[in-house]
**Student:** 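I have a structure I would like to understand better, so I am pasting it below and will then ask my questions one at a time.
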Amino acid sequence: RFCPTIAPSRLEARLPVPILRLALPSPLRRLFDYRAPANTPLTALQPGVRVRVPFGRRQMIGVLVALAEHSDVPKEKLRDALELLDEASPIPPKLFEFCLWVANYYQHSQGDTLSWALPVLLRQGEPASTRQQHVWLLTKDGHPDDPRLERAPRQRQALKIIAQHPAGLPHQLIGKLQISKSSLDALQDKGLLRRETRRITATRHHGSWLLEAELPLNPQQQAAYEAVRAGQGRFHPCLLAGVTGSGKTEVYLQLIHRVLEAGKQALVLIPEINLGPQTLARFERRFNARIALLHSNLTDRERLDIWLAARDGEADIVIGTRSALFTPMKSLGLIIVDEEHDASYKQQDGLRYQARDLAVVRARQEELPVLLGSATPSLESLHNAHIGRYTLLKIGQRAGNAQPPKFLRLDVKSRPLDSGISRPLQQAIAQTLQAGQQVLVFLNRRGFAPVLLCHDCGWIGVCPRCDSRMTLHQRLHELRCHHCGHVERPPTNCPQCHQVDLRPIGAGTERAEARLARLFPEYPVLRIDRDSTARKGSMERLLITVKRGEPCILVGTQMLAKGHHFPRVTLVTILDADSGLFSADFRASERMAQLVVQVAGRAGRAEEPGKVIIQTHCAEHPLLVQLTEQGYFAFAEQALAERRATNLPPFSHLALLRAEAHKPGQAEAFLEQACLEAQQLCRLNASWGHIELLGPVPSPMERRAGRYRAQLLLQAQARAPLHRLLAAWLPQVEQLPGSRNVRWSLDVDPMDL
Ligand code: ADP
Ligand code: ZN
Ligand code: ZN
């Protein structure tokens, strides 16, 4: 089903040297043919093994995907592979098949897709076996008093040190202990010392899996837990829709406990690595288990070690962000995707995969339950639950004694806004602080102000490389483009009229922070956004103050909305919800609703009830009214009905071909050519089913980072016709003459249009 390999037994009879069809690290959507190295036994040619090959004047490491009897490459051009690097595929066969499935689904090069499953060191040819460690031990006859060492004080000293480590002295300590290589050699020659090679394994302390008691589940948690359990050992996708603070994590933990007891492993995906330490701590408090956290600060060696440990069954739980989905697992028992609605599960460059959806694919292939959890499930997943593909599990109330937060829409039409903060809001903040509680101020915009404007002539600071305005970052004294990273000093005089009255318009988190600090000087104001947490450890430092529980104000972006637990926050304020109501992007309202509910979910998670104030200019907007009065699920039903009426995902399927070029018009010209090819294919293959081609049109922000961008949208009622077209079309697109001047990419199931 996945890769057409020829059974070795059939080849043996006829072919002395089979052709290896390799996936190489290249964007090209094809395999590369090589002759097998001479004298390779056919049994060694397993799919997945790594092969070193010549490529141009360099060497490359490819992965064997299939064997063939002959190649279309002319005999004299066909080259010999240099060597096989593995005796067996380092990637478990199921994960290998999964990668090929992914490459096919996203129409991406197999070589590049496989590189998501192979750690860097393996791509560079490192052995794919658990790390070996060399240790030094005395032999049976070895003794520091050996008479032969009388005139060799350094050897004697070395032997003395090693004798102090009866379990063996690890080789990497030799240098630190100032033992020289020549001493080691001499001692070995005399038969006093020996070297042993051991595998490094993370061993578990045996006994119970639990380090702390499990909480007794409430009836809804119990029902969800049992529903997932019922699908043990088979493909069983579940959507756990539990309001914020409803105890979803407790359900995950108890399910994982059962998985561990069954001798299996669990894979847990989290949206943002900032949540990693918190999640890891919670898991480590609960389990006596080997838990690995995959994060971006790992060295290549650490990453490989975790990869091998997971593959060889020496890690019980693996936690990580989207790419952790490609971790090999010896005996996977359960996949959990926490905050499944989160946009960060979609990779936005290279292999543009959606890890949440792929988690379901992997679970289907490995025949296991997969649990997607969120307080605000994506419309895609909700739809899958509605049509019976996923089992829907709901937890409608908060765990323990916590009450759901109360919403208030604060109409700020024609009210003065002081750095984005209205009068009534200031009063509410003051009251909360005086009551000894904490306040969270949410504003999804970094920097001081999104616009710098000349009051005399109307000049606006725009990015020289993008069709966008630059954000003023006052503390850094910079104008920054948030789209391409361009930075410049803010001018002191208007570049156009040379007057000096330049004004920041609108407010970002930096401005809100400054204003709040002036309004409430006796309380700490903590800003949490990408700028304030860029340095390592700064997030933890900021959170320590919050955890202490004294009254304070937290100002931040969506970073604050994700997963954190702030028991002392009782007032959440959303400074601006309006942009989500009026965007050209059809997903904007869904995102706004998720953000509002998630931020609101930070309030009142303990004994004290929480209140949420939403500042808006459209307090009567039906979506906002529905969301705040009837909750996320009522909103989601309405939003799904709208998607159905307008035939948008999840009621249709999309693929987006994007192109960008240095000169205006080039990207569109290329997409025109591509569009003609697609039209022709559709005409010739009418039986595939109808596919709508929309565009090409300039991208919403046409110029970005100095390039002109355009896009062509493909829309189909069903997936099959769309994928049939893509498979036939992309090889033609690769060959188009216009492709030389442009950078192009395909996005299957795009999130941003
Ligand atoms: P979620 O993951 O849905 O946001 P959590 O699992 O973090 O919710 O639970 C929120 C709080 O409720 C935590 O402090 C947790 O310890 C507590 N909690 C969860 N389940 C129970 C339960 N069955 N009984 C009492 N407290 C619970
Ligand atoms: Zn001016
Ligand atoms: Zn820019």
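Just follow the structure's listing: the first ligand is 1, and inside any ligand the first atom is 1.
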**Student:** Report the member of K248, R282, Q220 with the shortest heavy-atom distance to atom 1 (P) of ligand 1.
**Tutor:**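 Shortest heavy-atom distance from atom 1 (P) of ligand 1: K248.
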**Student:** Where the Zn ion (ligand 3) is the centre, what is the SG-to-SG angle for C484 and C463, rounded to 10°?
**Tutor:**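 It comes to 100°.
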**Student:** Can you confirm whether more than 12 heavy atoms, excluding those of H662, are under 6.0 Å from its NE2 atom?
**Tutor:**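 Atom NE2 in H662 is not crowded, with 12 or fewer foreign heavy atoms closer than 6.0 Å.
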**Student:** Select one of side chain, backbone, both or neither to describe which atoms of A375 lie under 4.0 Å from any atom of ligand 1, heavy atoms only.
**Tutor:**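 Neither part.
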**Student:** Does ligand 1 come near enough to L215 that some N or O of the ligand is less than 3.5 Å from an N or O of the residue?
**Tutor:**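 N/O-N/O distance below 3.5 Å does not exist for this pair.
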**Student:** Under 3.5 Å, side chain of S374 to main-chain N/O of E340, donor-acceptor pair present?
**Tutor:**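 Not a single qualifying donor-acceptor pair exists.
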**Student:** To the closest 0.5 Å, what do you measure between OG (S532) and CZ (R541)?
**Tutor:**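 That separation rounds to 10.5 Å.
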**Student:** Quick check on contacts: which atoms of ligand 1 are under 4.0 angstrom from a heavy atom of Q221?
**Tutor:**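 Matching atoms, with element in brackets: 19 (C), 20 (N), 21 (C), 22 (C), 23 (N).
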**Student:** State whether the number of non-hydrogen atoms from other residues, nucleotides or ligands found under 6.0 Å of K663 atom NZ is greater than 12.
**Tutor:**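 Atom NZ in K663 is not crowded, with 12 or fewer foreign heavy atoms closer than 6.0 Å.
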**Student:** Which bit of R398 gets closer than 4.0 Å to ligand 1, counting heavy atoms only: side chain, backbone, both or neither?
**Tutor:**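 Contact part for R398 vs ligand 1: neither.
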**Student:** Salt-bridge test for R286 and E250: reply yes if a basic N is under 4.0 Å from a carboxylate O, no otherwise.
**Tutor:**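 Result for this pair is yes, salt bridge flagged.
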**Student:** Taking the Zn ion (ligand 2) as the vertex, measure the angle between atom SG in C454 and atom SG in C497; round to 10°.
**Tutor:**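 That angle is 100°.
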**Student:** With backbone taken as N, CA, C and O and side chain as the heavy atoms from C-beta onward, which portion of T249 lies under 4.0 Å from ligand 1: side chain, backbone, both, or neither?
**Tutor:**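 Contact part for T249 vs ligand 1: both backbone and side chain.
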**Student:** If you stand at the Zn ion (ligand 3) and look out to SG of C481 and SG of C466, what angle do those two lines make, to 10°?
**Tutor:**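 Computed angle, vertex at the Zn ion (ligand 3), rounded to 10 degrees: 110°.
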**Student:** Considering residues, nucleotides and ligands other than R469, do more than 12 of their heavy atoms fall under 6.0 Å from its CZ?
**Tutor:**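 No, not enclosed.
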**Student:** For G247 and ligand 1, does the shortest N/O to N/O distance drop below 3.5 Å?
**Tutor:**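 Yes, since at least one N or O of G247 sits under 3.5 Å from an N or O of ligand 1.
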**Student:** I need the atoms of ligand 1 closer than 4.0 Å to a non-hydrogen atom of P216, numbered in the order shown.
**Tutor:**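 Per the distance check, 22 (C), 23 (N), 24 (N).
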**Student:** Scan side-chain atoms only and decide if E668 and Y708 contain a donor-acceptor pair under the 3.5 Å cut-off.
**Tutor:**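 Absent: no donor and acceptor within the cut-off.
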**Student:** State which residue, out of L408, T628, I574, fulfils the side chain to side chain contact (heavy atoms under 4.5 Å, CB included) condition with V612.
**Tutor:**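 In the set L408, T628, I574, the residue that makes a side chain to side chain contact (heavy atoms under 4.5 Å, CB included) with V612 is I574.
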**Student:** State the atoms of ligand 1, each with its element, that fall below the 4.0 Å cut-off from a heavy-atom position in A399.
**Tutor:**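 Answer for ligand 1: 12 (O), 18 (N), 19 (C), 20 (N), 21 (C), 27 (C).
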**Student:** Flag H455 as yes if one of its N/O/S atoms falls below 2.8 Å of the Zn ion (ligand 2), otherwise no.
**Tutor:**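 Under 2.8 Å: H455 has no N, O or S contact with the Zn ion (ligand 2).
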**Student:** Has ligand 1 got any nitrogen or oxygen that is less than 3.5 angstrom from a nitrogen or oxygen of T244?
**Tutor:**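 No - when backbone and side-chain N and O of T244 are compared with those of ligand 1, no distance drops under 3.5 Å.
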**Student:** Check R703, R704, R709, R743 against E660 for a salt bridge (charged side-chain N to carboxylate O under 4.0 Å, His left out) and give me the one that passes.
**Tutor:**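 For E660, the salt bridge (charged side-chain N to carboxylate O under 4.0 Å, His left out) test succeeds with only one of R703, R704, R709, R743, which is R743.
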**Student:** Cut-off 3.5 Å, side chains only: do R398 and T244 have a donor facing an acceptor?
**Tutor:**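 Indeed, the side chains of R398 and T244 share at least one donor-acceptor pair under 3.5 Å.
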**Student:** If you measure from each heavy atom of G242 to ligand 1, is any distance below 4.0 Å?
**Tutor:**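 It does not; every heavy atom stays at 4.0 Å or beyond.
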